Participant: 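Encoded as structure tokens, here's the structure I'll be asking about.
Every number for a ligand or one of its atoms is a count from 1 in the order of the listing. Computed from a prediction, not measured in an experiment: that's the story for all the values here.
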Amino acid sequence: MPAPIAVPTLGAFGVTIAGTLDPGTGVVGRSTNLPWLDGTAPAETLSRALGIPGVAVQDGEAAALAEARVGAGRGAGDVFVIALGTGIAGAHVVNGAVHRGAHGAAGEIGHLRATDADHACSCGGRGCLETVIGGSQLGVRWRERGGEGGTARDVVAAAGAGDAAAIATLDAAARGFGRALLALSALVDPALVVVGGGVARSPEWTVEPALRHARAESTFHTLPPVLPAALGVWAGAHGAALAAAA
Ligand SMILES: [Zn+2]
């Protein structure tokens, strides 16, 4: 084994992992994009190489932790962070720690039923939020309405140019997201919601109409403020550092 790399100014490190991770052992369960990580313990390997302690954190969890503690949710204490990307991830951060649930599956807002339509979801379910507003699904829904298909950005551009099918697609997406925000409010009642991810970069077509729908349908709910994420692509790195410093 090579000698440890000298890093005299570092006390600890954090590394984010794109995949499922056992928080107790640090062993990667499944990484769809980096399958060679499956079954490995990256923090342990790096720790031996660097000669300092370190932790591995699931990438979505790291980003949520950072947004809640030092990003848009700073000071709120009870923050639900949603990533509207290709897929949809959610994490409830309470007093600076991610609430994982009894089986590590809390926060899966992308798989709440959000539409009466029968769209098949990647999870095996139907009508999940991800099927109406997931970045890879928006183009599919647009094509079903007679549009060209493409990326979320293409759908937004077409809607901006007046394409009726794209406008209807984004309206259905916003209705679904509004429904999910109401469910979130009823079940979790967070003080603040932070929304990031590529689809959230066009809030006038997604987050803002979703909030209007949620407000129109709310009864007993107290809808929390919804803020855009503040840390961008660096959220994961900030979160890994926070986890390492804990
Ligand atoms: Zn699903």
Participant: Can a donor-acceptor pair be found, under 3.5 Å and without considering hydrogens, that links the side chain of Asp78 to the backbone of Leu192?
Facilitator: no

Participant: Does atom CD of Glu208 have more than 12 heavy-atom neighbours from other groups under 6.0 Å away?
Facilitator: yes

Participant: Quick one: name the protein N/O/S atoms under 2.8 Å from the Zn ion (ligand 1), chain by chain.
Facilitator: His111 ND1, Cys121 SG, Cys123 SG, Cys128 SG

Participant: Checking salt bridge (charged side-chain N to carboxylate O under 4.0 Å, His left out) for the pair Arg179/Glu217: CA distance, chi angles, key distance, verdict?
Facilitator: CA-CA 8 Å; Arg179 205 160 143 179; Glu217 290 172 26; over 6 Å; no

Participant: Taking Ala89's backbone N and O only, do any of them form a donor-acceptor pair with Glu108's side chain (distance below 3.5 Å, no angle check)?
Facilitator: no

Participant: Tell me, do Pro23 and Arg100 make a side-chain contact under 4.5 Å, heavy atoms counted?
Facilitator: yes

Participant: Within a reach of under 6.0 Å around CZ of Arg126, are more than 12 heavy atoms found that belong to other residues, nucleotides or ligands?
Facilitator: yes

